[in-house]
Amino acid sequence: MKGSRLRICMYLLAATACLALWINVRPLSTGQLTSEDQLIRLNCAYLLLTDGAVALVILASAGLFGSAILRWFGIVGIGPWQAGLFGMGIGITTLSLATLMLGLAGLLQRWVFIALLLIMAAVGVVTIGRALLQGKTAPSDETERTAIRWLGLAFIPLAMLTLVASLLPTGILWNHDGYGYDSLEYHLQLPREYCQAQQITHIPHNIFSNLPANAEMLYLVAMVLKGGPIDGLYLAQILNYCLAILFVWGIYVIFRQRSRLGAALAAATATTTQLFFVATNTYVECYLLLMFLLAVGILIGNSDQASLRRVLIAGVFLGSACGAKYTAIVMAAPVVIILTLFLNQAKIKSAILLLLATTVVFAPWLIKNLIYTGNPIFPLAHQTLGSGSYSPELLERWDKATHPTPELSSPRVRLRTLTQNLISPSCYGPAVAVAILVIAIATVRRTKWPTITKIGIASLILQLAVWTTLTHLQPRFLLVILIPIAFIIVGIVEKLSPTWPNKFILAFICVIVIGINSCIAAAYYEQNTQGFDPLKGIGRDDYTTIRYSFGLPPFAIPPNTKLLLVGEARPFYVRCPVIYNTVFDRCLLAEQLRQTDAYETIQWLRQNQITHVFVNWTEVDRLRESYGFPPEINPTTFLALEGAGIITQQEVRDPRGNLRAILYSIE
C-alpha cells in the first residue's frame, strides 16, 4: 500500500513538473517573463480546472454506465483496470449514439445532457454498488511487485506536452496539415451548426455531414454543455486528448497479462508523432483507435465461458469505430474478423454475431444517410447506390479529393510514399523500427512466433495494402497499424526468456523510443508556435474572431452582420450568421451569377439579408487547381459587382502585391 501511494505521488509530482516546464519553456528560452506568458499560465490553469473537470465528469459517467453494461452482459473474470477500460468504451459509444438520437429529435439542450449524464452515472453506481455489497468484485489484476510500474514516468513529459498543445485553439498548430483544416471545415463546424440549430438535420452545404460522426457527437456534447460552439472548443479538445491517453494506456492494460514489459514497449511505440498530431487537434482518429483497440482487446482475453458474449461486445466496439470513420470498415474490421476466427472454436457463429453487433451499432449512421440522400454510405459508392441531390460535377470533385493525385497514382510512387511514411521519424519510423528489431531478435534466437504475432504480421500487411491501394495516402490514416505492431511486439517479447539482461535491454529501448517521439513532438510544437502572437490569447477566444476567422489575418467583421464566404469553408470562429459551402457542394453565388447579371445578383444578396461578402482568392485558386471550382467566381465578375454596388472594405495582399483575400460590404 505504501509503495502504491508513493508511486501515485511521484506520478502526480512528475506530471505537475512537466506541465510547468512546457508552459515555461518559452520564457526560459528568451530569458524574460512577459505579461503574455503570465496569461498563458493563468489560462492553462483556468481551462484545466474548468473544462478539464467537466471532461472528467463526462468520462466518469460514461465509464460507470459502461461498467454496468459489462456486468449485465456477464463479462466477468477481468481485472478492474480492464473492466474500467472496456466500460469506458461502451459508455462513450452509448453517449455518442444517444447524442445522435437526441439531436435528431431536436433535444440538443444543456439540461437534457446533464440529466443524461446523471442517469448514466446513477445506473453505474447502483449496479457496481450492489456488486460490492454482494462481494462480486472483479479480481485484482495486479501480480508481483515489479519495477515496470515506474517505467510509466517516461511517458509523462510527452503526455503533458500533448495536453499543453491541446489547450491551444484548433487551427493554430500543424502547418503541414493545413492548420487543422478538416477540423474547422467539418469536425468542429458540423457540431457547431447542430448546436446552434439545437437539432441534427441534413446540411446541404457541407457534404461531410453525410459521414459517420461518433467522435463529432462528443464534440457536440461539449458545445451543448458549455452553452455554445466556441465556448465548447476547449472541452472538445480535452475530450479528444483523453481518448488518446486512454488508447496508449489501454495498450498496456490489455496486453500486460501476456507480458508487462512487452505491453509497455507496445505502448511506447504507440506514442508516435502522428498520434501527437491527432491528439492535439479535434480529429476523429483517437476515437477510432480506442474503439479498434477495445474490439481486439476484449477478444484477446477470450478464455472464459462467455466467449460469444465477448464477441458481441467486440462487435459493439467495432461498430463504434466504423461510426467514427469509414476507413475502419476496410482497415480495422478485417483485423477484428481475423482475431474472431482464430480465437473461437465456433467460428461461423462468432463471425455472424460479430458482424451483426457491428451492423446494429453502425446502423444509425447508415439509416440517417439513407433518409437524407438515398445512399446509406454516401458519398461513397455514389455511382452505384445513388448520389442524392449532388450533380456529377460535384461528385467528380469529391472523387478527386479522396483519390491520389495523378502524380501519386502510379504503383511505384505509392510504394515510395508508403516507405517514406514507415521510415520517417515524424510518422511511424520508431514504431516500425521496434517491430523489426523484435522480429530480428526472435529470428536470431530462433524463438517460435506465437499466434498473436502471426496475426499481427498478417493484419499489418493487409492494412498497408489497403492504405496503399484504396486511400489518398494521408499519413494519419495509417495510425491503425499501431495495433498490429503491438501484436507483434507483445507476442515476441512474451516468448523471450525473462532474464535481467533482456528486461534491461527492452526497458532501455522503451525509454529511447518515448524519448525520440517526445523530442520530435517538442520540435514540431516549437516550430509551430515560435513568434506566434495568438499564444497570448490561449483560453480566451476573442482574438480568434479577428485573427483566425477565415484563415487569414485580420478582418474586422462588424456586429449584426450576415456574411457570405466564397472559397473559404472554415467558418467555425465566425460569430455572426454565416453562409458557406465546401468545394464539393453547390455554390449559391455561382449559380446566381450564372443566371443573372451583376445588378440582379446584388439584389439577390440584399433579399437574402447578406451584408458582407468575404472572398478568399488564395483558396479559390488552390481549389480550382486541385478539385475544380465554379468558373463564375473570378476577379472579372467581382469587378462587375463592384460597379453594381458592393464596396471593398478591406484587402490582404502578399509581399509581391498579389491579392489574397478581400472583404466586401453590400450597400
Side-chain angles (χ1 to χ4, degrees), residues 8-9 11-16 18-20 22-23 43-70 80-96 98-99 110-129 152 155-156 158-168 191 214-215 217-227 231-250 252-253 279-280 282 286-287 290-291 294 538-539:
I8 292 172
C9 290
Y11 270 73
L12 292 175
L13 181 61
T16 304
C18 289
L19 183 61
W22 293 123
I23 294 174
N43 284 310
C44 276
Y46 171 79
L47 287 173
L48 289 174
L49 292 174
T50 54
D51 289 5
V54 176
L56 291 178
V57 170
I58 294 172
L59 294 176
S61 298
L64 287 168
F65 179 80
S67 297
I69 298 296
L70 277 180
W81 290 117
Q82 284 198 18
L85 183 66
F86 293 133
M88 187 74 71
I90 292 176
I92 291 172
T93 298
T94 303
L95 182 58
S96 293
T99 302
R110 180 186 292 176
W111 68 267
V112 173
F113 282 89
I114 292 175
L116 174 62
L117 292 173
L118 288 174
I119 291 172
M120 292 177 70
V123 169
V125 168
V126 170
T127 302
I128 296 173
F155 290 80
I156 289 180
L158 181 56
M160 291 301 102
L161 174 61
T162 309
L163 177 59
V164 171
S166 69
L167 296 179
L168 286 172
N214 271 342
M217 292 300 98
L218 286 188
Y219 306 153
L220 178 57
V221 171
M223 293 175 187
V224 173
L225 288 177
K226 293 291 291 185
D231 293 326
L233 164 66
Y234 297 103
L235 176 55
Q237 294 197 161
I238 291 173
L239 286 171
N240 181 59
Y241 165 80
C242 290
L243 295 179
I245 295 296
L246 285 171
F247 168 66
V248 175
W249 177 69
Y252 176 73
V253 169
T280 52
T282 42
C286 293
Y287 193 109
L290 177 61
M291 296 304 166
L294 297 180
I538 183 172

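Heavy-atom basis, side chains included; hydrogens, waters and symmetry copies ignored. Since we're looking at a predicted model, the values are computed, not measured.
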**Prompt:** Does the Q237 side chain pair with the main chain of T282, one donor and one acceptor, at a distance under 3.5 Å?
**Reply:** no

**Asked** What's the verdict on side-chain contact (heavy atoms from CB on, under 4.5 Å) for L290 and C286, showing C-alpha distance, side-chain angles and the deciding distance?
**Response** CA-CA 6 Å; L290 177 61; C286 293; over 6 Å; no

**Prompt:** How close do L85 and G250 get, heavy atom to heavy atom, and via which atoms?
**Reply:** CD2-CA, 3.5 Å

**Beyond-backbone contact of F155 with W249, side-chain heavy atoms, under 4.5 angstrom** = no

**Message:** Just so I know, are the side chains of M217 and L95 near enough to count as touching, which here means a heavy-atom distance under 4.5 Å?
**Reply:** no

**Request:** Just jot down the side chain to side chain donor-acceptor pair (under 3.5 Å) partners of Y287, sequence neighbours excluded, or say none.
**Result:** S96, S320

**Asked** Any side-chain heavy atom of L47 sitting closer than 4.5 Å to one from L235?
**Response** no

**Message:** Side chains of L243 and L218, heavy atoms from C-beta outward: is any pair under 4.5 Å?
**Reply:** yes

**Prompt:** If every non-hydrogen atom of A15 is compared with every non-hydrogen atom of I156, which pair is closest and at what distance?
**Reply:** CA-CG2, 3.5 Å

**Prompt:** Taking the side chain as C-beta and beyond, is there a heavy-atom pair between N240 and Y219 under 4.5 Å?
**Reply:** yes

**Prompt:** Only one of V224, L220, T94 clears side-chain contact (heavy atoms from CB on, under 4.5 Å) with T99; which?
**Reply:** L220

Please table the atom pairs, donor to acceptor, closer than 3.5 Å between any side-chain atom in residues 113-126 and protein atoms at least two apart or in another chain.
none

**Item:** Heavy-atom check, side chain of D231 versus side chain of M223, under 4.5 Å
**Value:** no

**Asked** Side-chain contact, heavy-atom cut-off 4.5 Å: T93 with M291?
**Response** yes

**Message:** Can you list everything that forms a side-chain contact (heavy atoms from CB on, under 4.5 Å) with T162? Sequence neighbours excluded, please.
**Reply:** L158, Y241, F276, A279, T280

**Asked** Between L167 and D51, is any pair of side-chain heavy atoms under 4.5 Å apart?
**Response** no

